[in-house]
Amino acid sequence: MTPQSVLHEEKQQYEENESGDPSGFEAEVASHALSLRGRNLTVALAFVAGAGFTLFGYDQGVMSALLTAGQFEKVFPQVVVDPSLNNDHATLQSFVVAIYEIGCLAGALSNLWVGDRLGRRRTIILGGCIMIIGAILQTTSYSYSQLVVARIITGLGNGLNTSTVPSYHAECSPAAKRGSLIMIEGCLITFGVMVSYWASASSAQWRVPIALQIVLALIMIFGIGFLPESPRWLVKHGRSAEAMAVISALEDRPPSDSEVKRTFHAIREAVVIEDLSGSDVDIDNKGFKKTSGKSSLRSIFTNGRSQNFRRATLGVVNQCFQQITGINLITYYATILFQRLGLSDVNSRIIAAANGTEYFLASIIAIFVIDRVGRRKLMLFGAIGQCLTMILLAILGSIDNSGAQVVSSVLLFVFNSFFAVGWLGMTWLYPAEIVGLGIRAPANALSTASNWIFNFMVVMVTGPSFNNISWGTYIVFAALNALIVPMVYFFFPETAGRSLEDMDVIFALAYNEGVSPVGVSLRKDIPLAGSPEADRILGIEPSPHNRTSSFLQNIPGAERDSN
């Protein structure tokens, strides 16, 4: 059966449901009505997603601040690096920090199999529970090996969360505000980093700051219980009435509203197209076609109109770029970097905490500009600024006097600012936007895995690199940032202002015309997903003998409404 005939039948089935027995479907939608609606629901989603990313940032930053803490060094002498001694403590220090990324990698990759099976909410709950177990084991560690194992377990839970929360939040956000809402997650990563620096700079025992992760995880787990499942996941699994109820609540409009219907139909079309590209097609209790619930990994490596491989690759490369900027050189080693600049232990920890605070404040800027400026311009702005900052750090590092050390300290703040605006939240937003619904869970698992692979690489080599080539490390990261600029300019389409299904239309049109999707994404004449024009671009135009059966035909103005 061709995609055209399957979608044509589905559209007719929907019309028959609406005209023949509208009360049945409407009653089922009403039975799933949500108490939280509109702005309140959006705020609740942002709060819970933010709690997950605050936990992520806190867990990243807390180890940086503890590495030079006296009581921490007494329990784990393996992390103490003394250049006068010929030992491997620099490698062991990097290893205990970087091994967390291996756990995150395993967690992200496990989402290839569990993400679509469990759903977004249950995956987040599972990740939070695993992080609690890992935090308990870290808090009670009395040996280096136990700490290593505990950080792997904590990373496993964080990998599940970081590959799920952005997708969940993106799928539950309106196109016009999606960028700013998910940038809040990036902002809260830095909030977590900031809190971790100040908490561990106090007189409290090192175990208390680590244990605080449990509180954040519990907030996330209990908060998700009050939120709905992603409407796109619900549609994909044949729970159409629930999806319609969630869309209605998110947009704070009745299910009969034309905008709610068009959003629902655009998602349905995306689901059926992906079903026909490799998954089995079943029938739900309302006669709609649905997936078997199994996302084929093979579909990631297909192209055609969907351009799945190209889109998944963009997500993977985008996450890689975030890590090779060199940000974790500062996030994980802030206190050590400031000590290298001649500051005392106490002062270096205070300045690192101030650095984390400025990092958080700078990240707020992205919330207000992301949807106005767009994704591409912010990525280019960040990469250029980061490159120039790294060049200056290398020059000043080669001079090595008190004046150069002061300016270098300031430049670490400057680097954080460029990164916070251009790249901090971007790589949690862009991969979720750029891929289609059918491959979103496995593609985001791979892109998040890319983040953690390169995160591990950077964290693992930074300590030995500074010990061996000193300021030359900054030159390496300057070159990598310079590489990012042309890559983004020529290969990364703009996603701002587009619904997630609109991106399917953009890539299909680029394929049909044999042009770059970058240029197409910048055009203003792209039809909205769910409209008859978009259907034709996607290759799902109704058959010639019955073109009047389009299920948008009877929705006045739907093809012109903004999503």
Side-chain angles (χ1 to χ4, degrees), residues 55-107 130-159 192-193 196-197 199-214 216-217 328-340 345-346 348-349 352 452-468:
L55 175 59
F56 165 34
Y58 184 88
D59 198 65
Q60 275 196 313
V62 72
M63 189 55 62
S64 169
L66 292 178
L67 285 176
T68 58
Q71 294 181 16
F72 187 79
E73 291 178 339
K74 288 179 182 177
V75 179
F76 308 107
Q78 295 88 344
V79 304
V80 180
V81 178
D82 187 346
S84 64
L85 300 177
N86 186 19
N87 56 37
D88 59 354
H89 282 199
T91 301
L92 292 175
Q93 183 190 74
S94 294
F95 183 75
V96 76
V97 174
I99 197 62
Y100 172 73
E101 272 67 55
I102 295 300
C104 292
L105 170 63
I130 294 174
M131 288 198 77
I132 289 174
I133 294 172
I136 292 172
L137 291 174
Q138 284 190 74
T139 304
T140 57
S141 291
Y142 282 94
S143 70
Y144 180 84
S145 57
Q146 182 183 347
L147 182 64
V148 167
V149 172
R151 283 183 60 75
I152 293 174
I153 294 173
T154 308
L156 181 65
N158 191 54
V193 172
S196 70
Y197 285 158
S200 54
S202 71
S203 59
Q205 295 288 324
W206 64 267
R207 300 182 192 276
V208 174
I210 290 180
L212 286 177
Q213 298 173 77
I214 298 172
L216 294 169
N328 283 323
L329 174 147
I330 300 172
T331 302
Y332 284 105
Y333 295 101
T335 54
I336 294 175
L337 287 177
F338 287 116
Q339 282 185 346
R340 288 178 180 274
D345 174 58
V346 174
S348 66
R349 287 152 62 80
W452 296 118
I453 288 172
F454 286 95
N455 193 325
F456 174 80
M457 179 193 73
V458 170
V459 174
M460 194 65 202
V461 304
T462 295
S465 177
F466 269 107
N467 277 348
N468 288 282

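All values below come from the heavy atoms of this structure, side chains included, with hydrogens, waters and symmetry mates left out.
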note = Of all heavy-atom pairs linking Ala106 and Leu156, the shortest is C-CD1, 3.8 Å
request  = Measure across Leu137 and Ile153 and return the closest heavy-atom pair with its distance rounded to 0.1 Å.
outcome  = CD1-CD1, 3.5 Å
ask   = Is any side-chain heavy atom of Ile214 closer than 4.5 Å to a side-chain heavy atom of Met131?
value = no
query = Between atom CD1 of Ile99 and atom SG of Cys104, what is the distance when rounded to the nearest 0.5 Å?
reply = 10.5 Å
request  = Would you give the length of the straight line joining atom CD of Gln138 to atom CD of Gln146, rounded to the nearest 0.5 angstrom?
outcome  = 10.0 Å
ask   = Do you know the tightest heavy-atom contact between Leu105 and Trp452?
value = N-CB, 3.8 Å
task = Check the pair Tyr100, Asn158 against side-chain hydrogen bond (donor to acceptor under 3.5 Å, both in side chains), reporting the backbone distance first and the verdict last.
result = CA-CA 9 Å; Tyr100 172 73; Asn158 191 54; 3.0 Å; yes
ask   = How many angstroms lie between atom OG1 of Thr140 and atom CG of Leu147, to the nearest 0.5 angstrom?
value = 10.0 Å
ask   = Would you say Arg151's side chain and Val96's backbone share a donor-acceptor pair under 3.5 angstrom?
value = yes
